[in-house]
Amino acid sequence: MGKEGFTGPLQQVDETTWRIPRSYKPGMRVEGRVFADERLVAQIRADQAPEQVANVAHLPGIRGASLAMPDIHWGYGFCIGGVAATDPAEGGVISPGGVGYDINCGVRLMRSRIPAEEIRSRLPDLIQILFRRVPAGVGKGGPYLFAGAEMDSLLANGVKHLARRGLATESDVALTEAEGAIPDADPDCVSPTAKERGGDQCGTLGAGNHFLEVQVVDEILDRPAAEAFGLEQGAVCVMIHSGSRGLGYQVCDDALKAMRKCPEKYGIELPDRQLVCAPVDSPEGRRYLAGMRAAANFAWANRQLLMWQTREAFQEFFGQPWEELGLSLVYDIAHNIAKLERHSVDGKETLLCVHRKGATRAFPAGHPEVPDRYRHVGQPVIIPGDMGRESWVLVGLPGAMEKTFGTTCHGAGRVLSRTAAMARAKGRRIDRELAEKGIIAKAHSREGLAEEHPEAYKDVSVVVDVVDRAGLAKKVARLRPLGVVKG
């Protein structure tokens, strides 16, 4: 987290929008814009993340505004919750800090036909099976190994490679953002070190804020959208949060080193060297994009294999095929990525490089990138909370296209650093505290729970309320946690 609070200007525009004027810092090309309300502004000011919003406004080719979602907090270069769209035709840049180290960290939601009441008395047994079957923890490897030509195919084709191996269905592919594979990914732009790090990590949760959570659909607020998404009140869901593991981290690290001299080479002045960048159409920019896409495809494959192992665990628990249990994918969405997308700028459709770092795509009904079966209602937006509070399903709205390049929040957002969270948890048993709320938590390390306990995060219901009132995404359903597996 930022060391001291933000003392610059945050000017209220309306009940959910605040601006940092261009006059705040010399060199800002656009204003900063933060989505928040009175309940969140004090927390946001307590961190230096708004300074990062102002810094991002210096990037060449940035259009509209430097944006931040209500789950904003300090990050590397860009804040978490940061959004920036740059125009390649106007010298727009790509910045690895605008994607982050965990490329395509994202979230996947499965639904089922299982009534939560049916598992309540046996929930500890189910969580234990998931804990045993789904690999989690720092550096933890899994049963799926990829190397050589097969690794290259996975990086190029993502979930579609797994479908050819019988590890993904046609529906799994269709209901993953970008169908689980961004075109123009180039395995040759992923270093041997990165590939080696990822060799046994596809199909593993990792650690930190990543999790697998068994949930119940607690309340439905938009019945037509919920029906389209297959969500039934009282039914069990499973949410999976993970990313590209060591492979993606290495791709980012390699790119930051390769771009170190690019600002000087291309005459780019930056207020923070963590914003190191290169023009989208430069050799360095094209190479990073190709490697980042490959890492993103790896992450989608990772979450697909995590889901596959989850299905196997439910089969073991119930003694029935997962298809009979209705364990189907609702959607999988990235929240650490940069993508070339067409958006309206000053009334003209323009190809932009949209950085989303800790921010979720939220395309509305009718958008061609929304899967066919959801196009009449809009794209599912999946927002995890913390271990002790609810998560949410929303649906994208036209307001997101008008205000945020089709983007909304990605989660609750931290208010305590991991170090501070550990200190707050000292002498406590977080698992017992959660058990008192009826939530079973299993972790491979004490730190896995202590770093991520509920007090480390903003209240996700407040964050979600802001994006709903701002017209970026509409609430569809609230999901309540029953049990969680962490690293």
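Inter-residue side-chain proximity for L212 and L205 is flagged as met; some heavy-atom pair is nearer than 4.5 Å. Residues K25 and E51 form a side-chain contact, since some pair of their non-hydrogen atoms from C-beta on lies under 4.5 Å apart. Residues L289 and V280 are in side-chain contact: their nearest non-hydrogen atoms beyond the backbone lie under 4.5 Å apart. A 4.5 Å side-chain heavy-atom check between L270 and C277 finds at least one atom pair inside the cut-off. Residues T408 and F35 have side chains not in contact (no heavy-atom distance under 4.5 Å, counting atoms from C-beta outward). In this structure, L340 and L351 have side chains that are in contact, with non-hydrogen atoms separated by less than 4.5 Å. Using a 4.5 Å cut-off on side-chain heavy atoms (C-beta onward), L479 and W392 make no contact. Residues P50 and R45 have side chains not in contact (no heavy-atom distance under 4.5 Å, counting atoms from C-beta outward).
Side chain to side chain, H161 and S153 meet the donor-acceptor criterion of an N or O pair below 3.5 Å. Side-chain contact check for D272 and Q52: no donor-acceptor pair (N or O, by modelled atom type) lies under 3.5 Å. T17 and R33 form no side-chain donor-acceptor contact under 3.5 Å, judged by distance and modelled atom types alone. No hydrogens or angles considered: a donor-acceptor pair under 3.5 Å links the side chains of T407 and R356. In this model, a donor atom of one side chain and an acceptor atom of the other lie less than 3.5 Å apart for D102 and H210. A donor-acceptor contact closer than 3.5 angstrom links the side chains of S242 and N302. The closest side-chain donor-acceptor pair between Q250 and R197 falls under 3.5 angstrom. Between Y266 and E284, the side chains place a donor N or O and an acceptor N or O closer than 3.5 Å (distance only, hydrogens not considered).
In this structure, CG in L306 is found 13.5 Å from CZ in R133, a value given to the nearest 0.5 Å. Within the model, atoms SG of C237 and CZ of R111 stand 9.0 Å from one another, a figure rounded to the nearest 0.5 Å. To the nearest 0.5 Å, atom CE of residue M151 and atom CG of residue L145 are 9.5 Å apart. Within the model, atoms CG of D71 and SG of C409 stand 5.0 Å from one another, a figure rounded to the nearest 0.5 Å. E213 CD to I240 CD1: the interatomic distance, rounded to the nearest 0.5 Å, is 11.5 Å. The CD atom of E177 sits 5.5 Å away from atom CD1 of I337, with the distance rounded to the nearest 0.5 Å.
No donor-acceptor pair under 3.5 Å is formed between the side chain of Y76 and the backbone N or O of L275. Between the side chain of N297 and the main chain of L155, a donor-acceptor pair closer than 3.5 Å is present. The closest donor-acceptor contact from the side chain of R375 to the backbone of P368 lies under 3.5 Å. No donor-acceptor pair closer than 3.5 Å links the side chain of Q201 to the backbone N or O of R245. Remark: side-chain polar atoms of D87 are not paired, donor with acceptor, to backbone N or O of L352 under 3.5 angstrom. Side-chain atoms of Q309 come within 3.5 Å of backbone atoms of G203 as a donor-acceptor pair (strictly under, hydrogens ignored). Of the possible polar contacts, none joining the W308 side chain to the A168 backbone as a donor-acceptor pair under 3.5 Å is found. With hydrogens and angles disregarded, a donor-acceptor distance shorter than 3.5 Å links the side chain of S244 to the backbone of I103.
Note that K486 lies outside the cation-pi zone of F211, set by a 6.0 Å cut-off to the ring centre and a 45° limit from the axis. The cationic atom of R361 (NZ for Lys, CZ for Arg) lies less than 6.0 Å from the six-membered ring centre of F363 and within 45° of the ring axis.
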Handout entry: V330 vs M110, side-chain contact (heavy atoms from CB on, under 4.5 Å): CA-CA, chis, key distance, verdict
Key = CA-CA 5 Å; V330 175; M110 306 162 65; over 6 Å; no

Exercise for the section: Show your working on side-chain contact (heavy atoms from CB on, under 4.5 Å) between I333 and V381 and close with a plain yes or no. Expected result: CA-CA 7 Å; I333 190 81; V381 175; over 6 Å; no

Practice task
Could you walk me through whether S191 and D254 pass side chain to side chain donor-acceptor pair (under 3.5 Å), step by step?
Solution key: CA-CA 8 Å; S191 69; D254 292 342; 2.7 Å; yes

Handout entry: Candidate pair W300 and I182, rule side-chain contact (heavy atoms from CB on, under 4.5 Å), full reasoning
Key = CA-CA 10 Å; W300 275 311; I182 306 180; 3.5 Å; yes

Practice task
Just do the ring pair (Phe, Tyr, Trp, His ring centres under 6.0 Å) check on H335 and H241 with the steps written out, would you?
Solution key: CA-CA 10 Å; H335 55 230; H241 179 212; 5.2 Å; yes

Exercise for the section: Under the side-chain contact (heavy atoms from CB on, under 4.5 Å) rule, what do E312 and W322 come out as? Steps first, then yes or no, please. Expected result: CA-CA 7 Å; E312 292 172 342; W322 64 263; over 6 Å; no

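In the displayed structure, K474 atom NZ is contacted under 6.0 Å by at most 12 heavy atoms of other residues, nucleotides or ligands. The environment of R260 atom CZ is sparse: at most 12 non-hydrogen atoms of other residues, nucleotides or ligands sit within 6.0 angstrom. Atom CD of Q11 is surrounded by more than 12 heavy atoms from other residues, nucleotides or ligands within 6.0 Å. Within a 6.0 Å sphere centred on CZ of R273, other residues, nucleotides and ligands contribute 12 heavy atoms or fewer.
Of the residues H58, H73, H355, the one that meets the ring-ring contact (aromatic ring centres under 6.0 Å, His included) test with F78 is H355.
Under the 4.0 Å criterion applied to side-chain N and carboxylate O atoms, E31 and R22 are not assigned as salt-bridge partners. Using a 4.0 Å cut-off between charged side-chain N and carboxylate O, R29 and E90 make no salt bridge. Remark: D172 does not engage K160 in a salt bridge, criterion side-chain N to carboxylate O under 4.0 Å. Between K195 and D152, at least one side-chain nitrogen of the basic residue sits less than 4.0 Å from a carboxylate oxygen of the acidic one, meeting the salt-bridge criterion. The residues R63 and D346 are annotated as salt-bridged, a charged nitrogen and a carboxylate oxygen being separated by less than 4.0 angstrom. The residues K475 and D468 are annotated as not salt-bridged, no charged nitrogen and carboxylate oxygen being separated by less than 4.0 angstrom.
Shown here for A54 and I20, the closest heavy-atom pair between the two residues is CB-CG2, 4.3 Å. Of all non-hydrogen atoms in F146 and C202, the two that sit nearest each other are CE1-CB, 3.8 Å. In this structure, L472 and G399 approach most closely via the heavy-atom pair CD2-O, 4.1 Å. The shortest heavy-atom contact between G142 and P135 is CA-CG, 3.9 Å.
Between H343 and F405, the two ring planes are perpendicular [angle over 60°; tilted spans 30° to 60°].
Here the two rings, on F6 and Y24, have centers that are under 6.0 Å apart.
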